[in-house]
Q: 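Dumping the structure here so I can ask a few things about it.
Remember, it's a predicted structure, so these values are computed and weren't measured experimentally. Every chain is numbered from 1, with letters handed out A, B, ... down the list of sequences.
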Amino acid sequence: MKVRVRFAPSPTGFLHIGGARTALFNWLYARHTGGTFVLRIEDTDAARNTQEAVEVILNGLRWLGLDWDEGPISGDATGASKGDRGPYFQSQRSENYRRRVEALLSRGLAYEHEGAIRFKMSREPVVIPDLVVGNVTRELTDREKLEPDFVIVRSDGQPVFHLVNVIDDLEMGITHVIRGEDHLSNTAKHIALFRAFGVEPPQYAHIPLILNIDGTKMSKRDKGASLMTYVEEGYAPEAVVNYLCLLGWSPKGNREKVPIKEVIELFDLPQILRHNARFDLNKLHWLNGEYIKEMSGDRFHELAVHALARVGIDTNRYDLQYVKAALDTCKQKVKLFSEVPTFADFYFKEEIDHKAQAAETDFAPENKPRLKQLRDAFAQVAKFDADTLNTTLKGVAVSSGASVGVLVHPTRLICTGRTVGPSLYHLLEVLGKERVLQRFDRALEQMG
RNA sequence: GACCCUAUCGUCUAGCGGUUAGGACACUGCCCUUUCACGGCAGGUGCACGGGUUCGAUUCCCGUUAGGGUCGCCA
């Protein structure tokens with residue numbers, strides 16, 4: 001039987017990083033088995049769910065590169081979708097639910113109570129076969145012993161999650177339910193419901209949760225809980241996906257950076273770890289740097305320009321070759337696109353603000369004659385390239401009796417305003433003689 | 001309160017009865033480089049605790065502790 005898995009998020013206005021990981025594992029399993037990945041929107045809470053909230057999810061999945069074979073095409077619940085098992089929005093499936101509830105009612109498996117409809121739940125322990133956790137025997141809690149039956153349709157006529165989730169999985173032919181471990185206990189209800197509908201439940205695989213680095217639950221309020229954080233902070237999607245794969249699963253062989261194609265080949269449900277994992281931003285950061293180093297210059301360029309635009313730097317005002325050359329000096333240096341501005345903003349500013357603390361020492365009075373000499377030497381060079389500038393600066397150091405460092409640091413500060421950045425001589429070359437001399441003149445003037 | 005899941009360096013993990021317990025991130029030195037980063041070398045830190053089973057337990061079983069989850073007319 002062909003594998004059919006699904007990701008069934010509720011459009012709350014953001015995509016939780018844990019949800020993204022659940023989507024990823026479903027997608028991986030579908031791709032690994034040659035199965036079908038279905039996207040279903042659980043928008044039963046009409047008041048809260050908006051089209052924009054659905055778009056957030058769709059865009060998040062697209063950003064990650066998790067394409068779905070069936071499901072919505074846009075956030076419009078009544079719009080077109082792909083696949084023949086729709087609708088893929090629960091808000092459009094009321095008739096299916098109504099029919100199913102009628103069937104339960106007529107067979108005496110559900111009953112009305114205070115305007116709501118309750119399902120007659122098994123009083124016996126339910127065994128949950130789970131591909132990750134193993135067989136779990138779920139007994140009733142003391143509270144459930146008081147009242148084992150549970151509401152499937154509210155008194156206002158709205159069906160509840162447990163009901164619609166099961167009906168949809170059943171009608172959409174879902175073969176494997178891969179979801180967060182927070183659903184493990186509730187699975188007893190789902191299994192009972194499937195049987196009430198006369199079918200055996202799908203296979204279950206409950207994956208461990210992602211916790212904060214301190215081991216606490218990651219809630220909506222925690223920084224980093226939303227996938228958008230990583231989009232905005234300048235992470236590359238392939239790095240985020242790779243990192244997420246490493247949480248609760250391992251490619252073995254002491255490997256960390258693994259191309260998604262290989263993950264698809266290696267991935268399988270039984271190897272998923274059973275314990276929760278903490279989200280380690282340090283490792284993601286490192287991994288992101290690895291992906292940046294290997295990405296094409298064009299892709300780096302595109303994402304870096306975007307990062308600069310985010311802080312108000314419009315690179316379009318500059319010559320394309322200049323922008324490319326400038327960004328090339330940063331590619332091997334940054335680990336995050338949000339770091340690009342601090343490495344490259346000086347290329348795109350006419351006036352440089354010098355970091356005050358560094359200026360105190362670098363712009364000391366005794367440095368001024370040496371820097372003036374360096375400025376004039378730079379003005380004389382025939383070819384304004386890194387090698388020439390390197391030898392020129394060293395020559396000035398010798399003739400002025402200063403150490404190279406005494407010239408290097410102020411030069412960096414004069415031209416970039418910062419104490420860290422790209423390789424000095426290369427950055428000078430890219431800036432060009434005109435800008436460099438301008439910046440020297442202005443700084444010399446400020447030194448009084 | 002009840003029920004369920006889990007437990008290897010600070011973090012992610014390899015391990016599936018006998019290993020000097022391996023790797024990665026992070027951290028600390030040194031080298032390279034007169035910025036930062038990369039790279040190279042070196043280093044410290046771990047099988048939660050207590051009982052079993054076994055010739056032998058990180059590995060199997062039980063308990064304790066700790067963490068997480070669930071018991072909604074939320075999803």
Q: Expressed in whole Å, how much space separates the P atoms belonging to B:G10 and B:C49?
A: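 Rounded to whole Å, the distance is 12 Å.
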
Q: How would you list, by chain and number, every residue that makes a salt bridge (charged side-chain N to carboxylate O under 4.0 Å, His left out) with A:Asp353, sequence neighbours excluded?
A: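 Partners of A:Asp353 under the salt bridge (charged side-chain N to carboxylate O under 4.0 Å, His left out) test: none.
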
Q: Return the set of residues passing ring-ring contact (aromatic ring centres under 6.0 Å, His included) with A:Tyr230 (not counting sequence neighbours), or none when no residue passes.
A: A:Tyr235, A:Phe279

Q: Could you tell me whether A:Arg278 and A:Asp214 have a side-chain N and a carboxylate O separated by less than 4.0 Å?
A: no

Q: What are the residues of residues 249-256 of chain A, sorted by number, that bring a heavy atom to within less than 4.0 Å of RNA chain B?
A: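 RNA chain B contact set from residues 249-256 of chain A: A:Ser250, A:Lys252, A:Asn254, A:Glu256.
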
Q: Between A:Ser296 and A:Asp298, does any side-chain donor sit less than 3.5 Å from a side-chain acceptor?
A: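 No, no side-chain donor-acceptor contact under 3.5 Å.
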
Q: Would you measure the distance from the C1' atom in B:C47 across to the matching atom in B:C55 and give it in whole Å?
A: 22 Å

Q: Indicate whether the side chain of A:Asn242 and that of A:Tyr291 have a donor and an acceptor atom separated by less than 3.5 Å.
A: yes

Q: Apply side-chain hydrogen bond (donor to acceptor under 3.5 Å, both in side chains) to A:Thr388 and A:Glu429, showing your working.
A: CA-CA 9 Å; A:Thr388 311; A:Glu429 176 182 329; over 6 Å; no

Q: Please tell me whether A:Arg138 and A:Asn186 have a donor and an acceptor in their side chains that are separated by less than 3.5 angstrom.
A: no

Q: I'd like a table of atom pairs between the protein and nucleotides 4-7 of chain B - only N or O on both sides, under 3.5 Å - with the distance next to each one.
A:
residue	atom	partner	partner atom	Å
B:C5	O2'	A:Glu181	OE2	3.0

Q: Applying the Watson-Crick and G-U wobble criteria at under 3.5 Å, what pairs with B:A21? Answer none if nothing qualifies.
A: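 Pairing partner, where one exists within any strand: none, as none qualifies.
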
Q: Taking for each residue the nucleotide of RNA chain B bearing the nearest heavy atom, is the 5' side occupied by A:Asp182 or by A:Pro159?
A: A:Asp182

Q: Students often get this wrong, so: under 4.0 angstrom with heavy atoms, is A:Leu273 touching a base, only sugar-phosphate, or nothing?
A: sugar-phosphate

Q: Roughly, in whole Å, what's the span from NZ in A:Lys331 to P in B:C38?
A: 15 Å

Q: Under 4.0 Å between a Lys/Arg side-chain N and an Asp/Glu carboxylate O for A:Glu95 and A:Arg100?
A: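 Salt bridge flag = no for A:Arg100 with A:Glu95.
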
Q: Counting the atoms with a prime plus P, OP1 and OP2 as sugar-phosphate, which does A:Gly421 contact under 4.0 Å by heavy atoms, base, sugar-phosphate, or nothing?
A: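 Base: the residue A:Gly421, judged by heavy atoms under 4.0 Å, touches a nucleobase.
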
Q: Figure out the CG/C1' separation between A:Leu427 and B:U34, and round it to whole Å.
A: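 Distance, rounded to whole Å: 15 Å.
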
Q: Using atom CE of A:Met218 as one end and atom C1' of B:G69 as the other, report the distance to the nearest whole Å.
A: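 Checked: the CE to C1' distance equals 16 Å.
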
Q: How about A:Lys257: does its NZ atom have over 12 heavy atoms from other parts shown lying under 6.0 Å from it?
A: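 Above 12, so yes.
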
Q: Expressed as a whole number of Å, how far does the P atom of B:U45 sit from that of B:U33?
A: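 Taking atom P in both B:U45 and B:U33, they lie 32 Å apart.
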
Q: Would you mind reading off the distance between A:His113 atom NE2 and B:G72 atom P, rounded to a whole angstrom?
A: 13 Å

Q: How close or far is atom P of B:G10 from atom CD1 of A:Ile213, stated in whole angstroms?
A: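 Answer to the nearest Å: 12 Å.
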
Q: Sequence neighbours left out, what passes ring-ring contact (aromatic ring centres under 6.0 Å, His included) with A:Phe337? Give chain and number order.
A: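 Scan of A:Phe337 (ring-ring contact (aromatic ring centres under 6.0 Å, His included), adjacent residues dropped) gives A:Phe300.
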
Q: Please identify each residue that fulfils side-chain contact (heavy atoms from CB on, under 4.5 Å) with A:Val56, with sequence neighbours left out.
A: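 In terms of side-chain contact (heavy atoms from CB on, under 4.5 Å), with neighbours along the sequence ignored, A:Val56 is linked to no residue.
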
Q: On a whole-Å scale, what distance lies between the C1' atoms belonging to B:C61 and B:U54?
A: 12 Å

Q: For the backbone of A:Met295 and the side chain of A:Lys331, can you confirm whether one donor and one acceptor N or O come within less than 3.5 Å of each other?
A: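 Yes, the answer is positive, given that a donor and an acceptor are paired below the 3.5 Å cut-off.
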
Q: Does the cation-pi check pass for A:Arg93 over A:Phe89, that is, NZ or CZ under 6.0 Å from the six-membered ring centre and within 45° of its axis?
A: no

Q: Side-chain N or O of A:Lys335 versus OP1/OP2 of B:C36: is the shortest distance under 4.0 Å?
A: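 For B:C36, OP1/OP2 do not have a side-chain N/O of A:Lys335 under 4.0 Å.
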
Q: To the nearest Å, how far apart are A:Tyr243 OH and B:A24 P?
A: 17 Å

Q: Please give the nucleotide sitting opposite B:C60 as a Watson-Crick or G-U wobble pair, both distances under 3.5 Å, or none.
A: B:G52

Q: For the pair A:Arg412 and A:Asp362, find out whether any cationic side-chain nitrogen is under 4.0 Å from an anionic carboxylate oxygen.
A: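 No.
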
Q: Look through every strand shown and name the nucleotide pairing with B:C27 as Watson-Crick or G-U wobble, where both distances are under 3.5 Å.
A: B:G43

Q: Using heavy atoms to find the nearest nucleotide of RNA chain B for A:Pro422 and A:Lys217 separately, return the residue whose nucleotide is more 5′.
A: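 First, find each residue's nearest nucleotide; the 5'-ward one identifies A:Pro422.
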
Q: By ring-ring contact (aromatic ring centres under 6.0 Å, His included), which residues pair with A:Phe343, not counting sequence neighbours?
A: none

Q: Who pairs with A:His285 by ring-ring contact (aromatic ring centres under 6.0 Å, His included), at least two apart in sequence or on another chain?
A: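 Residues passing ring-ring contact (aromatic ring centres under 6.0 Å, His included) with A:His285: none at all.
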
Q: With a 3.5 Å limit on both atom pairs, tell me what B:A37 is paired to, counting Watson-Crick and G-U wobble, or say none.
A: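 Pairing partner, where one exists within any strand: none, as none qualifies.
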
Q: Quick one about A:Asp149 and A:Tyr111 (side-chain donor to acceptor, distance below 3.5 Å, no hydrogens or angles considered), yes or no?
A: yes

Q: Say you pick atom P in B:G22 and the same atom in B:U34; how far apart are they, in whole Å?
A: 37 Å

Q: Between A:Arg418 and A:Asp345, is there a side-chain N and carboxylate O pair less than 4.0 Å apart?
A: yes

Q: Between B:C25 and B:U20, how far apart are the two C1' atoms, rounded to whole Å?
A: 24 Å

Q: Mind listing the residues from residues 399-407 of chain A sitting with a heavy atom below 4.0 Å of RNA chain B? Number order is fine.
A: A:Val404, A:Gly405

Q: Taking atom P in both B:A57 and B:A21, what distance in whole Å separates the two?
A: 15 Å

Q: Are any protein N/O atoms closer than 3.5 Å to N/O atoms in nucleotides 57-62 of chain B? If there are, list each pair with its distance.
A:
none

Q: Tell me if a side-chain donor or acceptor on A:Glu55 pairs with a main-chain N or O of A:Gly75 at a distance below 3.5 Å.
A: yes

Q: Going by the angle between their ring planes, with limits at 30° and 60°, are A:Phe161 and A:His190 parallel, tilted or perpendicular?
A: perpendicular

Q: Send over the distance from A:Asp156 CG to B:C73 P, rounded to a whole Å.
A: 12 Å

Q: Hey, is the side chain of A:Arg412 poking within less than 4.0 Å of OP1 or OP2 on B:U34, counting only N and O atoms?
A: no

Q: Applying a 4.0 Å non-hydrogen cut-off, can you work out what A:His162 is touching in the nucleic acid: base, sugar-phosphate, or nothing?
A: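 Contact class for A:His162: base.
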
Q: Where along residues 114-129 of chain A does a heavy atom come under 4.0 Å from RNA chain B, residue by residue in number order?
A: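 Close to the strand are A:Glu114, A:Ala116.
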
Q: Quick check on contacts: within residues 278-291 of chain A, what sits under 4.0 Å from RNA chain B by heavy-atom distance?
A: A:Arg278, A:Asp280, A:Asn282, A:Lys283, A:Trp286

Q: Can you tell me how far C1' of B:C12 sits from CG of A:Leu211, to the nearest Å?
A: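 Whole-Å distance recorded here is 13 Å.
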
Q: Return yes when atom CZ of A:Arg255 has more than 12 non-hydrogen atoms of other residues, nucleotides or ligands closer than 6.0 Å, and no otherwise.
A: yes

Q: If I pick the P atom on B:G29 and the same atom on B:U65, what distance separates them, to the nearest angstrom?
A: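 The answer is 42 Å between these two P atoms.
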
Q: For B:G1, give the paired nucleotide (Watson-Crick: N1-N3 plus N6-O4 or O6-N4; G-U: N1-O2 and O6-N3; both under 3.5 Å), or none.
A: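 Its partner is B:C71 (Watson-Crick or G-U wobble, both distances under 3.5 Å).
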
